[in-house]
Amino acid sequence: VSPNYIADQILCAFLTAFFASKVEHESKHCNGKGFQRPGSSAFDRVYTANQNCGHAYPTFLAMLWCAGLLCSQAPAAFAGLMYLFVRQKYFVGYLGERTQSTPGHLFGKRIILFLFLMSVAGILNYYLIFFFGSDFETHIKTITSAISPLLLIP
């Protein structure tokens, strides 16, 4: 297990805890008990943003691990750190107007697509080795290492 993956998972846990604390803060700030807060748009936004981020993490972790194991660890770890940054941007944007969260959402989808394509490239390389004896691992690692900085472009 690479230290980069451990760092990504630790940051993921901290980010999840941060989102949960924001929900708790808004819950205490609003009058009433339970999760139903009529008329509390701030609580609704925080709660919804937390739910959206929580629902996206299993997919992110699966893509992160597959891309790192099947293709290349360094670009996958870089994409993972970028994804966590983007989810933070999405969460904060969701607290404002809903249109402010759109760039974070679209950027996150692009990073997940990159991780997915890395996984597919690793699987295709495995089958090329198995059936034809051709190994393109060094080429795939070079390409993914060259493409990963392009994830910084909004």
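- The two residues F114 and A79 come nearest to each other via the heavy atoms CD2-CB, 3.9 Å.
- With S119 contributing its side chain and L115 its backbone, the two residues share a donor-acceptor pair below 3.5 Å.
- How far CG of L106 is from CD1 of I111: 11.5 Å, rounded to the nearest 0.5 Å.
- Using a 4.5 Å heavy-atom cutoff, the side chains of L84 and F60 are in contact.
- Shown are T144, I143, L151; of these, the side chain to side chain contact (heavy atoms under 4.5 Å, CB included) with I147 is made only by I143.
- A continuous path of hydrophobic side-chain contacts links L70 to Y126 [ILVMFWY only; heavy atoms under 4.5 Å].
- Taking the side chain as every heavy atom from C-beta outward, M82 and F107 approach each other to under 4.5 Å.
- Considering only heavy atoms from C-beta on, C71 comes within 4.5 Å of I140 through its side chain.
- Annotation for Y57 and R87: closest pair OH-CB, 4.0 Å, computed over non-hydrogen atoms.
- Side-chain contact between Y127 and I123: present, with at least one pair of heavy atoms (C-beta onward) separated by less than 4.5 Å.
- Note that OH of Y83 and OG1 of T59 are 7.5 Å apart. Values are rounded to the nearest 0.5 Å.
- Proximity of L128 to F136: side-chain heavy atoms (C-beta onward) are separated by under 4.5 Å at one or more points.
- No donor-acceptor distance shorter than 3.5 angstrom exists from the side chain of D135 to the backbone of I129, with no hydrogens or angles considered.
- The closest donor-acceptor contact from the side chain of S148 to the backbone of P75 lies at 3.5 Å or more, if one exists at all.
- Between L113 atom CG and M118 atom CE the span is 12.0 Å, to the nearest 0.5 Å.
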